[in-house]
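Structure, as structure tokens:
Please read these numbers as outputs of a predicted model, since none were measured by experiment. Below, read A as the first sequence line, B as the second, and so on, with proteins coming before strands; counting in each chain starts at 1.
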There are 2 protein chains.
Amino acid sequence: MSGGTGKDPSRLTPRGAATRDRIVATAADLMHRQGVAATTLDQIVLACDVSKSQLYHYFPNKDALIADVIAAQASRVILHQNSLLEQLHSMDDLEKWRDLLVAGMHRDAGYRCPLGSLANELVGRSGHAHPLLAAAFDSLRDALAGGLARLQEEGELGSEVTADELALGVIAALQGGYLLAATMQDEQPFRLAIDMALSRIRALAADR
Amino acid sequence: MSGGTGKDPSRLTPRGAATRDRIVATAADLMHRQGVAATTLDQIVLACDVSKSQLYHYFPNKDALIADVIAAQASRVILHQNSLLEQLHSMDDLEKWRDLLVAGMHRDAGYRCPLGSLANELVGRSGHAHPLLAAAFDSLRDALAGGLARLQEEGELGSEVTADELALGVIAALQGGYLLAATMQDEQPFRLAIDMALSRIRALAADR
DNA sequence: CACAAACTGGACGAAATCGTCCATCCGGCA
DNA sequence: TGCCGGATGGACGATTTCGTCCAGTTTGTG
């Protein structure tokens, strides 16, 4: 959960832990909407009504805070997706899953992906952030691949293509869909991108 | 081509025009690799050996330069894709097109898309950049849709799905592929993402 | 209750970065 | 050849932003 670069949360009083969490949550929200570079520490401090010294009491520098923001978003998204994908047992469940994703897109966040927007900005540019983001996408792929593998075992889906490869392809479609949706300010490209990937899976299922 | 916010290129001497172009090209390269926000004017000025005043002689501010960078990248990519996609006449041509795209990915640019990386950072955050990027993706979709529509007319491809929709889906797959490739530092996810989209198209073609 | 550690507040310093200013140089043209 | 607008060089100012400092308050514990 924690990026580990900040202050050891174990020796924090409840009040301190709450303040720390509030900072991370506020930073995550601002960075999701404005971008990481565009979000200043002063903005964060103002938005969640803490002082500069509190921020630097819990995090050694901005990079450490960013690391925790990534960890928080990753944990949130992965937990959510795991709980959704655990119940994947049929092709129709995949459509329901897609509908939930579409419904979960936030217009007020400019149709951006909480993880993808961070990755796009930080991958290859922040040495500390990159592995965290790579691990997050790995977990996401594992969660989806787990669900697809179950479909394969239950005979709902063919095995010509690995569950891992299918999952990665779907995640790519998701990410591209997010970008186009943000650019067009419309969720339709997102829906279209997923549907294209799901059609491929459906075709593999029809071959049964 | 030009963003239009800078100095009118028509009343520029050849030397001035060359300097201006050199600034845009250098800025485009740096921004592609480091990101827009992370690229400072001092870096640009240093990298192409011009002085600060020259930069401000040709562009009123950084945003205007960014607009020209977007325009330059968009024009470059779209011209290239148009010339490639004009020759699209069969399913196999699509595979060749994919191979060219894979070969065109630059490891030294962190496997990032020249347009996608700009869009990810600027869309929804820079009022001037957004429409330029949206238009660029529209042109890209038109170029691809034109090729796919030709396949449909020639009976190579079914018309159950619009050429426009297919094209948008493929572009989404491309963009997602770029992001995952950059995150994993490997071109395989990119190839996988495109192949998933092309499989869908191939399935529509097989229905003939 | 007393004391130490955790917590809080906000002013301050230092560096980076955008943008300005002005003096000088070059190149075509009457 | 002399002139004038475009082109160039680099120092300078103003602002933003990360990070520091220290003084004061709250909380848990012997």
field: Residue pair B:F190, B:Y111: steps toward the ring-ring contact (aromatic ring centres under 6.0 Å, His included) verdict
entry: CA-CA 9 Å; B:F190 182 74; B:Y111 298 113; 8.9 Å; no
- line: The correct set of residues in residues 45-55 of chain B placing a heavy atom under 4.0 Å from DNA chain C is B:K52, B:S53
Output a table of nitrogen or oxygen pairs between the protein and nucleotides 25-27 of chain D separated by less than 3.5 Å.
unit_1: D:dT26; atom_1: O3'; unit_2: A:R15; atom_2: NH2; d: 3.4

Atom-to-atom span, [atom1] of [X] to [atom2] of [N] - whole angstrom:
| X | N | atom1 | atom2 | value |
| --- | --- | --- | --- | --- |
| B:I23 | D:dA7 | CD1 | P | 11 Å |
| A:Q43 | D:dT16 | CD | C1' | 11 Å |
| B:F59 | C:dT20 | CZ | C1' | 18 Å |
| B:D42 | D:dA11 | CG | C1' | 12 Å |
| A:K62 | D:dT16 | NZ | P | 16 Å |
| A:L30 | D:dT17 | CG | C1' | 15 Å |
| A:I66 | D:dT17 | CD1 | P | 14 Å |

- line: Quick note, A:L41 side chain, CB onward, closest among C:dA6, C:dG19, D:dG19 is D:dG19
message: Using the side-chain heavy atoms of A:H57, tell me which of these nucleotides is nearest: C:dG19, C:dA6, D:dT8.
response: C:dA6
Distance-only side-chain donor-acceptor flag, B:Q188 / B:R191, under 3.5 Å: no
message: With a 4.0 Å cut-off on N to O distance, would you call B:R22 and B:D49 a salt bridge?
response: no
message: Assess whether a salt bridge exists between A:K96 and A:D92, defined as any Lys/Arg side-chain N lying under 4.0 Å from an Asp/Glu carboxylate O.
response: no
field: Side-chain N,O (B:Y56) to OP1/OP2 (C:dC21) below 4.0 Å
entry: no
query: When you check the phosphate oxygens OP1 and OP2 of D:dA7, does a side-chain N or O of B:T19 lie under 4.0 Å from one of them?
result: no
- prompt: Mind checking whether A:K52 and A:L41 have side chains closer than 4.5 Å, heavy atoms only?
  reply: yes
message: When you compare the side chain of A:W97 with that of A:L144, does any pair of heavy atoms fall below 4.5 Å?
response: yes
message: Counting neighbours of NE2 on B:H89 that are heavy atoms of other residues, nucleotides or ligands and sit closer than 6.0 Å, is the number greater than 12?
response: yes
query: A:Q73 side chain to A:L115 main-chain N or O, any donor-acceptor pair under 3.5 Å?
result: no
- prompt: For the atom pair CD1 (B:I78) and CG (B:D142), what is the distance rounded to the nearest 0.5 Å?
  reply: 9.0 Å
